[in-house]
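Quick notes on the structure that follows.
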Amino acid sequence: MPPAVVLVTGVSRWLGGALAAELAADPTIERVLGVDTVPPRPELQRRLGRTEFVRADIRNPLIGKVIAAAGVDTVVHMNISSTPGGSGGRTSMKELNVIGTMQLLAACQRVPSVRRLVLKSTSAVYGASPRDPAVFTESMQARQVPGGGFAKDSLDIEGYVRSFSRRRPEVDVAVLRFTNFIGPRIDSLLTGFLRLPVVPTALGYDARVQLLHEDDALAVLVRATTGDFAGTVNVGAEGTVLLSQAIRRLGRVALPLPTQAIGPLGRLTRQARITDYSPEQLRFLNFGRVVDTGVLREEFGYTPRYTTAEALADYGRTVVPVLDPALVGAVVAGAEDAVGRTAAAVGSLHAVAGRRDPHPAGGGLRAVRDA
């Protein structure tokens, strides 16, 4: 049964506003309510169409009156912050994320008209560590549980949503674990990081990165809101790129630093409001994270239009390169070719030396081949 009255939290951000605009353009939906603590920017407000903006704080129990008075049947929770700087500090960020979610779920539990809840979660709940599997499925848990920040908040939020689902089993709940967003219009932690002309990286690490184009993220949210899928689903594009490849393709300059220097540098850039990334984000940039998307394609019924490489390329159209990516690629390819030829030459020399001066096993010794 399609929704009649939909409430979207976090409507003043790009993705929340884009979702509300898409839902408002659907004539089968009677009302769309957009909730946030600040009004949308003028350019976003013009896109919202017939969306009814409600200035409210989900941390306040009054959000229950908004849901009850409008007879909301579908709630899409998008108002989860990933940046302490954008939320007024870590304390305010945690209050918004955790306390706000608790108040929203308490309101949904009390209002009998609510029959569907969609949560915008994140693949950061899987953490990032050197012991991670090649890919995470929805049934897996973090090998190293996030100790704080956005990832820890998201773990807590998912726990509260599971508790809500047990109390209101008749409500369909969809939990969407998104990989990192990227695209020409969306503003995320990763896009801010990759816009730096000189990108700091951890010396000796090259993370695998799985992305999701903003258009695919929006399409998944619309489908989750208007469809009947219930459960948890990983949402990411096909394929991965190495962090070094992403930096090179965008024409940025990588600056490998010792891991001991990355933390202090992150604090400096956060204080200077250059970019805002937390310790768990730094671990992601060290070790990366890849999720399995079989459930997304087979059960949820959506295949992303953009691969990870295509999403990165589309974002790259909005970034002025510091260095020509073609030139950087040619230099790297030449260096790799030179290394390959050197290795082959060294291997040939060893082979010739072995034929000229064989070393038979001496008494009491035998040749051993590495497994």
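Computed from a predicted structure; not experimentally measured. When reading the values below, keep in mind they use all heavy atoms of this one structure, side chains included, and skip hydrogens, waters and symmetry mates.
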Open item on the list: Applying a strict under-4.5 Å side-chain criterion to I, L, V, M, F, W and Y, I'd like to know whether F193 and L211 cluster together.
Closed with: yes
TODO: Measure the CD-CD distance between E95 and Q103 for me, rounded to the nearest 0.5 Å.
DONE: 11.5 Å
Task: pair N180-Q281: side-chain heavy atoms closer than 4.5 Å - done: yes
- [ ] To the nearest 0.5 angstrom, please state how far the CD atom of E214 sits from the OH atom of Y306.
- [x] 8.0 Å
Open item on the list: Can a donor-acceptor pair be found, under 3.5 Å and without considering hydrogens, that links the side chain of D26 to the backbone of L23?
Closed with: no
Task: Residue pair M140 / D292, side-chain heavy-atom distance below 4.5 Å - done: no
- [ ] For T225 and R116, test the side chains for any donor-to-acceptor distance below 3.5 angstrom and give the result as yes or no.
- [x] no
TODO: Work out which heavy atom in G71 is nearest to a heavy atom in S113; give both atom names and the distance.
DONE: C-OG, 3.6 Å
Task: Hydrophobic cluster membership, I157 vs L155, 4.5 Å side-chain cutoff - done: no
Task: Separation of K94 NZ from I99 CD1 (nearest 0.5 Å) - done: 8.0 Å
TODO: Could you state whether V32 and L218 fall into the same hydrophobic cluster, counting links through intermediate Ile, Leu, Val, Met, Phe, Trp or Tyr residues with side-chain heavy atoms under 4.5 angstrom apart?
DONE: yes
TODO: Report the C-alpha distance between K120 and L15 in whole Å, list the side-chain angles of each, state the deciding distance to 0.1 Å, and finish with yes or no for side-chain contact (heavy atoms from CB on, under 4.5 Å).
DONE: CA-CA 10 Å; K120 181 186 80 70; L15 192 55; 4.1 Å; yes
Task: Shortest non-hydrogen separation from P146 to A142 and the atoms involved - done: CD-CB, 4.1 Å
Task: ring pair (Phe, Tyr, Trp, His ring centres under 6.0 Å) partners of Y205, counting only residues at least two apart - done: F287
- [ ] Could you tell me whether the side chain of V222 reaches within less than 4.5 Å of the side chain of L19, counting heavy atoms only?
- [x] yes
Task: hydrophobic_cluster_shared for L285 and L196, side chain cutoff 4.5 Å - done: yes
- [ ] Quickly, which of V125, T122, L96, N97 forms a side chain to side chain contact (heavy atoms under 4.5 Å, CB included) with D153? Name it, please.
- [x] N97
Open item on the list: Between S121 and E158, do the side chains contain a donor N or O and an acceptor N or O under 3.5 Å apart?
Closed with: yes
Open item on the list: Measuring only between side-chain heavy atoms, which start at C-beta, is T303 closer than 4.5 Å to T293?
Closed with: no
Open item on the list: Closer than 3.5 angstrom, by distance alone: can the side chain of E170 be matched with the main-chain N or O of R115 as a donor-acceptor pair?
Closed with: no
TODO: Can you see which heavy atom on V290 is nearest to which on A134, and at what distance?
DONE: CB-O, 3.6 Å
Open item on the list: Tell me if a side-chain donor or acceptor on R177 pairs with a main-chain N or O of V233 at a distance below 3.5 Å.
Closed with: no
- [ ] Look at the side chain of Q210 and the backbone N and O of V291, then say whether any donor-acceptor pair between them is shorter than 3.5 Å.
- [x] yes
Open item on the list: Which label fits Y126 and F136: parallel for a plane angle under 30°, tilted from 30 to 60°, or perpendicular past 60°?
Closed with: parallel
TODO: Consider only side-chain heavy atoms of I, L, V, M, F, W and Y, link residues closer than 4.5 Å, and tell whether F164 and V35 are in one cluster.
DONE: yes
- [ ] Specify the closest pair of heavy atoms between R168 and V111, including all atoms of both residues, with the distance to one decimal.
- [x] NH1-O, 3.3 Å
Open item on the list: My understanding is that a hydrophobic cluster links ILVMFWY residues whose side chain heavy atoms are under 4.5 Å apart, including indirect links. Using that, what else belongs to the cluster containing V11?
Closed with: L48, F53
Open item on the list: Between N79 and D36, is the side-chain contact (heavy atoms from CB on, under 4.5 Å) condition met? List the steps.
Closed with: CA-CA 8 Å; N79 199 9; D36 214 321; 4.2 Å; yes
Task: L119 side chain reached by I80 side chain, heavy atoms, under 4.5 Å - done: yes
Open item on the list: Between T191 and F181, is the side-chain contact (heavy atoms from CB on, under 4.5 Å) condition met? List the steps.
Closed with: CA-CA 8 Å; T191 58; F181 299 131; over 6 Å; no
Task: Donor-acceptor pair, side chain of E238 and main chain of P304, under 3.5 angstrom - done: no
Open item on the list: When you compare the side chains of S163 and R166, does any donor N or O come within less than 3.5 Å of an acceptor on the partner?
Closed with: yes
Task: Value rounded to 0.5 Å, distance of CD in Q141 from CZ in R143 - done: 10.5 Å
Task: Side chain to side chain, T318 and R195, heavy atoms closer than 4.5 Å - done: yes
Task: Sole candidate of T307, T308, L312, D314 that passes side chain to side chain contact (heavy atoms under 4.5 Å, CB included) when paired with E310 - done: T307
Open item on the list: Keeping T9 on the side-chain end and M78 on the backbone end, is there a donor-acceptor pair under 3.5 Å?
Closed with: yes
Open item on the list: Applying the side chain to side chain contact (heavy atoms under 4.5 Å, CB included) criterion to H77, which one of T101, L7, V161, L105 satisfies it?
Closed with: T101
Open item on the list: For Q245, is the CD atom crowded, meaning more than 12 foreign heavy atoms sit under 6.0 Å from it?
Closed with: yes
Task: More than 12 heavy atoms from other groups under 6.0 Å of CG on D187 - done: no
- [ ] Look up atom OG1 in T179 and atom CG in L212, then write down how far apart they are to the nearest 0.5 Å.
- [x] 4.5 Å
Open item on the list: Please evaluate residues R185 and D215 with respect to the criterion side-chain contact (heavy atoms from CB on, under 4.5 Å), reporting the C-alpha separation (whole Å), side-chain torsions for both, the decisive distance (0.1 Å), and the verdict.
Closed with: CA-CA 10 Å; R185 293 160 293 182; D215 290 346; 2.6 Å; yes
Task: CZ (R41) with more than 12 external heavy atoms under 6.0 Å - done: no
Open item on the list: Show the nearest heavy-atom pair for residues T51 and A21, with the distance to one decimal.
Closed with: OG1-N, 4.4 Å
Task: Spacing of E22 atom CD and R223 atom CZ [to the nearest 0.5 Å] - done: 14.0 Å
Open item on the list: Can you confirm whether V241 sits close enough to R249 that some side-chain heavy atom of one is under 4.5 Å from a side-chain heavy atom of the other?
Closed with: yes
Task: Minimum-distance pair of heavy atoms, taken over all atoms of L194 and R252 - done: O-NE, 3.4 Å
- [ ] State, yes or no, whether a side-chain contact exists between T201 and S244 at a heavy-atom distance under 4.5 Å.
- [x] no
Open item on the list: Please determine whether a side-chain nitrogen of the Lys or Arg among R31 and E52 lies less than 4.0 Å from a carboxylate oxygen of the Asp or Glu.
Closed with: yes
